[in-house]
Amino acid sequence: MRIGVLTAGGDCPGLNAVIRAVGRSAIGRGDEAVGILRGYEGLAKRDYMPLDMRTVSGILHQGGTIVGTSSFEPHTEDAVEEVKAAFEADRLDAVVAIGGEHTMEITRRLCDEEGLPLVGVPKTIDNDVAGTDYTFGFDTAVQTATSAIDRLHSTAQSHDRIMVVEVMGRNTGWIAVHAGIAGGADAILIPEVPTTVEEVADGIQARHRRKKNFSIIVVAEGATLGFESGEERLIQPTKATDEYGYPRLGGIGAALAAELEKLTGYEARVTVLGHVQRGGTPTSTDRILATRYGTKAYDMVKAGDFGRMVSLKGPTITSVPLADTKGVKTVDLELLEMARRFYG
Ligand code: F6P
């Protein structure tokens, strides 16, 4: 078989481990693997690279993606025709599409409406893909954010400061809650649960009353700035959408720090972790998950199991119909509830 592999949407640590797993599985079983450059754009343009023993070697531990990525999606009739023509012209028997929520949706449409042989693999640091317990990339991002919080603790303590840490996560608070728990945050603000600045300020004052003169506040980029008055502000960068029209987030950390300074009278500083969370070498957990996903995707291609996404359910690697991956998977609120015990 000739199996294409593409990575679409934002990159994350572990993409290369999936590419390697599909590539090595194929090579070892007499099949051919082809890297499709820059996601679905490369498929429409028929832009490829070989995935052979040389190109898939030495990449397991590398962040990013050797085939490049983009958020291009074949929505127009012309683009869909180009993608179909590529399958035909380049004798592709299947394509493994590694991506997030939007990639799974376009992959589902290409399977259901065009009958293309596609298998999905869920990636993202945000962990917001429905139909799987975890996406690879998430563990690495949480590890990066946790290390940053650990470092901020010591300097916060030295200067009696409020440290606001803004983490990624799009419209969910998975990274914020996990890193907040692991780093011992004194408050965690996420999009799923509106929290007022007054509540956070009260928590900081309570800490001061028991001589804890510093606080670590973790805020997810998608959280809103809420006030007791009922006012709610979504903070976004000046350029509010990216080149594909998707909303951009960021800036809540600075806005929150300014409000907390005003309300408490204590000095506040902000650290925006940004793309640092997406870069670098994947943790061993992410390498293992990505390798399990990649080998499962290959097995699904061989079994003709198309129109499905590989998935982790508890300890088990399985698969779900792409139709079940619609929407966004939000945070398990029990986790946030548990984190709250340690505030104050
Ligand atoms: O989906 C991954 C992610 O890093 C989000 O957490 C973040 O909102 C977004 O991508 C940033 O996208 P870009 O790299 O286009 O700025």
Side-chain angles (χ1 to χ4, degrees), residues 6-16 18 38-41 63-65 68-73 97-107 120-132 134-146 148 165-180 188-192 218-225 234-256 270-283 286 289-290 309 325-331:
L6 64 82
T7 56
D11 72 346
C12 75
L15 288 168
N16 285 326
V18 183
R38 302 178 310 283
Y40 276 109
E41 186 188 321
T65 161
T69 184
S70 81
S71 297
F72 170 89
E73 284 164 10
I98 311 167
E101 175 212 348
H102 297 122
T103 305
M104 292 310 127
E105 173 55 17
I106 192 70
T107 303
V121 176
K123 66 88 222 189
T124 171
I125 61 163
D126 305 330
N127 198 39
D128 62 351
V129 179
T132 187
Y134 288 100
T135 51
F136 64 89
F138 172 63
D139 186 69
T140 308
V142 169
Q143 183 55 51
T144 301
T146 304
V165 190
E166 179 183 309
V167 299
M168 281 186 163
R170 248 186 354 157
N171 301 112
T172 65
W174 285 101
I175 300 176
V177 169
H178 278 242
I188 304 170
L189 287 84
I190 62 172
E192 291 91 334
V218 177
V219 59
E221 62 178 0
T224 47
L225 192 66
L234 176 67
I235 313 286
Q236 279 190 284
T238 329
K239 194 172 172 290
T241 52
D242 67 12
E243 60 178 311
Y244 298 95
Y246 290 120
R248 292 182 63 215
L249 296 168
I252 176 79
L256 178 64
V270 58
T271 302
V272 180
L273 294 180
H275 290 82
V276 167
Q277 295 157 101
R278 280 222 324 240
T281 185
T283 59
D286 274 340
L289 182 58
M309 179 187 83
T325 70
K326 270 194 180 158
V328 160
K329 184 185 67 190
T330 52
V331 164

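Numbering of ligands and ligand atoms starts at 1, following listing order.
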Check your understanding: In the protein, what heavy atom is nearest to atom 3 (C) of ligand 1, and what distance, to one decimal place, separates them?
Key -> R278 NH1, 3.4 Å
Exercise for review: Check ligand 1 against G169 and write out every atom of the ligand that is under 4.0 Å from a heavy-atom position of the residue.
Suggested key: 6 (O)
Practice item. Give the contacting part of E221 toward ligand 1: side chain, backbone, both or neither, where contact means a heavy-atom distance below 4.0 Å. Key: side chain
Practice item. Look at atom 15 (O) of ligand 1 and say whether a protein heavy atom is found at less than 4.0 angstrom from it. Key: no
Check your understanding: So, do T7 and K123 sit near enough that their side-chain heavy atoms are less than 4.5 Å apart?
Key -> no
Review point. Any side-chain heavy atom of E101 within less than 4.5 Å of one from R170?
Key: yes
Point to revise | Pair T103-Y40, side-chain hydrogen bond (donor to acceptor under 3.5 Å, both in side chains): steps then yes or no | key: CA-CA 9 Å; T103 305; Y40 276 109; over 6 Å; no
Check your understanding: What protein heavy atom sits nearest atom 2 (C) of ligand 1, and how far off is it?
Key -> D126 OD2, 3.2 Å
Exercise for review: With heavy atoms under 4.0 Å as the rule, classify the contact between L249 and ligand 1 as side chain, backbone, both or neither.
Suggested key: neither
Exercise for review: Give the numbers and elements of all ligand 1 atoms closer than 4.0 Å to a heavy atom of H275.
Suggested key: 13 (P), 14 (O), 16 (O)
Check your understanding: Any donor-acceptor pair under 3.5 Å linking the side chain of Q277 with the backbone of I125?
Key -> no
Point to revise | Reference residue W174; test side chain to side chain contact (heavy atoms under 4.5 Å, CB included); the match among I190, V167, N127 | key: N127
Exercise for review: Answer yes if the ring centres of Y246 and H102 are under 6.0 angstrom apart, and no otherwise.
Suggested key: yes
Point to revise | Nearest heavy atoms of A255 and I235, plus distance in Å | key: CB-CD1, 4.0 Å
Practice item. For I125 and ligand 1, answer yes if some heavy atom of the residue is under 4.0 Å from a ligand atom, otherwise no. Key: yes
Check your understanding: Relative to the heavy atoms of R170, which atoms of ligand 1 are at a distance of less than 4.0 Å?
Key -> 6 (O), 8 (O)
